[in-house]
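Fair warning: this is a prediction, and the values are worked out from it, not measured in the lab. By convention in this document, chain letters (A, B, ...) are assigned in the order of the sequence lines, proteins followed by strands, and residues within each chain are numbered from 1.
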Amino acid sequence: MMAKYSILIIEDELYIRDSLADYFVDEGYAVDVASSGEEALKLLNKQQFNIYIVDIRLSGMDGVQAIQKIKKIDPTATFFVFTGSLEFQITQDLASLGLTEEHVIYKPVNDLSVISDKIKNYGFDPNTR
Amino acid sequence: VKQSDELPAVALNPAELVDALYEPALLIDSDHVVCAVNAAMRAILGDVRSKNVTEIDWPVAWAETPAFLQDGRTANPAPCKMATIGRQRLLLFAPDEIIRPQLLQNLDDAHKFKLISRLAAGAAHEINNPLGGIVQSVQLIKRALDLDNPRTRDILAESGLQQADLDVIARFSENRRLEKFAGIIQEASGRVTELIGSVLGFTRFSLPERQLYNVNELLDKALFLASVENDMRKEYAFRDIAVERPDAAMRVEVQVDMQSFVRVLIESLKVAVGSCLQARQMAGDDYVPSIAIDYETDTDGPALVIRSNGAPLERDTSSIDATGNGWHDLPPQALSLALCRKAMVSLNQGDFSAQSEETGIRITISFGKA
């Protein structure tokens with residue numbers, strides 16, 4: 001059996017981080033969490049992930065900086081921006097890394113299957129693994 | 001605020017002038033003095049934009065219009081003067097003892113509005129985080145309670161539970177109405193999410209920009225915000241009034257500035273609802289207030305018609321144009337609406353319509369006809 005698709009959730013809000021992690025474990029993914037960009041980069045020393053779900057307004061390194069740094073270490077990774085700011089739009093920096101509006105998820109998410117559908121659409125369906 | 005040799009003065013840069021001009025109308029109920037100030041400010045800005053002037057000698061056209069005071073007296077606005085200081089700054093002399101405090105009040109209100117917008121945005125973000133935890137967790141609870149869910153079944157099987165045990169759990173869950181309560185949390189948090197999104201969308205500070213919107217979606221936003229707006233809730237009891245509206249399936253796209261449209265529509269609804277309250281005072285509690293909204297197009301272009309079964313406004317035919325001419329013949333509600341932005345307003349035997357430049361849509365309010 002092949003290893004599960006892996007997700008790293010980078011989110012400083014405990015309630016959101018943990019419930020999202022539980023959801024994706026239920027969905028059949030291998031999930032890890034980090035509460036900051038710095039913590040995420042430490043985890044990357046040990047392993048890389050297929051998917052990164054990244055909050056934008058993080059303390060310390062912000063989400064955009066975290067994505068830029070991770071992309072350098074893990075160029076094939078797929079990123080989803082997870083933001084509570086309704087005004088957020090993909091910046092030039094993120095667009096140059098291949099992110100589009102399709103990669104943005106606005107909090108709060110009333111139906112978590114919207115996120116898992118997005119992830120599956122990018123080829124990471126746990127049922128096909 | 002700077003002091004000149006002779007006159008008190010308000011120093012503004014152009015951006016502040018725009019703010020002072022446009023934003024206060026949202027926050028203040030118009031009275032005649034404020035209208036005069038706003039008209040003056042519009043004239044100034046119009047000149048600055050169209051002629052690229054660096055210095056204007058007051059009076060311009062509006063100054064021939066006297067300011068009408070609330071106590072019935074009239075006051076001739078004293079001449080004002082605006083001059084360039086450096087490249088960016090404008091100095092507006094407002095020597096009139098009535099106009100100047102109002103001008104300062106306008107500025108104060110504009111700054112308050114910007115501050116409130118920022119506070120609302122910050123507070124909404126702080127609410128969104130714990131709300132996200134609630135919204136996501138309740139979905140997990142519902143999923144855990146769903147005994148048909150494959151993951152739930154796996155976990156129960158791993159725990160060594162048999163079908164009979166599952167039946168007991170299902171009965172317990174049903175008797176204690178766990179799913180129902182989870183559903184209530186989910187629905188309530190969904191409403192909070194919608195509320196925050198709508199309020200944030202409206203309070204976002206931006207210069208007017210026309211975009212294509214579906215009329216019904218704009219009405220959704222406007223009616224929702226009207227129902228939570230403080231005055232409409234407390235003074236106008238808007239939620240108690242039945243509102244008929246266009247068929248939800250109707251999809252007509254209009255090009256408007258969303259904030260302006262919503263603001264003008266809320267002001268219009270206030271006028272319509274105010275007439276309902278007036279009718280209730282006259283007719284007693286048997287009177288049932290109602291409002292109907294229709295979207296129409298005719299030779300004059302797109303229009304929203306708001307029909308209220310309230311009391312008509314008792315005014316003769318009158319009108320206001322973009323320069324403010326004729327404004328003193330209109331009731332304060334119509335003025336308030338007109339001065340949200342540059343607008344053409346006409347009042348005809350109790351009904352009035354307004355067409356503002358920013359909304360591009362004529363709004364007609366009819367009374368006694370819902």
Side-chain angles (χ1 to χ4, degrees), chain A residues 1 4 7 9-31 33 35-36 53-59 62-63 80-89 104-120 125-129, chain B residues 117-118 120-156 158 182-206 209 211 221 258-259:
Chain A
M1 186 176 173
K4 293 176 177 177
I7 299 177
I9 299 168
I10 309 170
E11 163 68 63
D12 60 356
E13 186 68 36
L14 174 68
Y15 313 121
I16 293 178
R17 189 173 66 232
D18 282 4
S19 54
L20 201 59
D22 281 351
Y23 174 78
F24 281 113
V25 167
D26 259 19
E27 286 287 294
Y29 295 91
V31 182
V33 295
S35 61
S36 67
I53 298 176
V54 188
D55 182 22
I56 287 297
R57 204 193 285 197
L58 293 166
S59 53
D62 70 25
F80 291 94
V81 170
F82 199 39
T83 177
S85 168
L86 297 175
E87 293 176 327
F88 178 82
Q89 289 181 325
V104 183
I105 301 157
Y106 294 97
K107 291 185 269 188
V109 182
N110 286 326
D111 182 358
L112 287 169
S113 65
V114 170
I115 311 181
S116 52
D117 286 348
K118 266 185 192 268
I119 290 175
K120 286 172 189 167
D125 186 342
N127 298 318
T128 61
R129 194 72 163 173
Chain B
S117 298
R118 286 199 297 272
H125 188 267
E126 290 311 310
I127 294 169
N128 262 349
N129 273 332
L131 181 64
I134 295 169
V135 167
Q136 290 177 193
S137 297
V138 76
Q139 290 176 66
L140 296 178
I141 291 171
K142 287 189 79 173
R143 176 182 272 227
L145 291 170
D146 177 10
L147 298 180
D148 292 329
N149 180 281
R151 175 69 179 150
T152 307
R153 292 192 80 87
D154 286 349
I155 291 172
L156 291 170
E158 286 165 13
I184 290 171
I185 297 172
Q186 191 169 28
E187 190 183 327
S189 49
R191 280 168 57 188
V192 176
T193 306
E194 185 190 0
L195 174 66
I196 290 173
S198 297
V199 172
L200 262 186
F202 186 67
T203 55
R204 195 177 303 142
F205 186 81
S206 60
E209 183 186 3
Q211 291 181 5
K221 274 186 202 301
M258 187 270 283
Q259 286 186 338

Other residues, nucleotides and ligands only: do more than 12 of their heavy atoms fall within 6.0 Å of OH on A:Tyr15? no
Using the rule given for side-chain contact (heavy atoms from CB on, under 4.5 Å), can you reason through A:Thr83 versus A:Arg57, listing the C-alpha separation, both sets of side-chain angles and the distance that settles it, and then say yes or no? CA-CA 7 Å; A:Thr83 177; A:Arg57 204 193 285 197; over 6 Å; no
Is the closest side-chain donor-acceptor distance between A:Ser116 and A:Tyr29 under 3.5 Å? no
Go through the steps to decide whether A:Ile115 and A:Phe24 satisfy the test side-chain contact (heavy atoms from CB on, under 4.5 Å), and finish with yes or no. CA-CA 10 Å; A:Ile115 311 181; A:Phe24 281 113; 3.6 Å; yes
Show the numbers, then the answer: is there a side-chain contact (heavy atoms from CB on, under 4.5 Å) between B:Ile134 and B:Val192? CA-CA 11 Å; B:Ile134 295 169; B:Val192 176; over 6 Å; no
Winner by heavy-atom pair count (cut-off under 4.5 Å) against chain B, out of A:Val25, A:Asp22, A:Leu20: A:Leu20
Pick whichever of B:Asn128, B:Asn129, B:Asp154 has the most heavy-atom pairs under 4.5 Å with chain A. B:Asn129
Give a yes or no on whether B:Arg151 atom CZ has more than 12 heavy-atom contacts from other residues, nucleotides or ligands under 6.0 Å away. yes
Could you give all pairs that pass the salt bridge (charged side-chain N to carboxylate O under 4.0 Å, His left out) test and reach residues 105-114 of chain A, with sequence neighbours left out? A:Glu11-A:Lys107, A:Asp55-A:Lys107
Heavy-atom contacts under 4.5 Å, residues 135-145 of chain B to chain A: B:Val135, B:Gln136, B:Ser137, B:Gln139, B:Leu140, B:Arg143
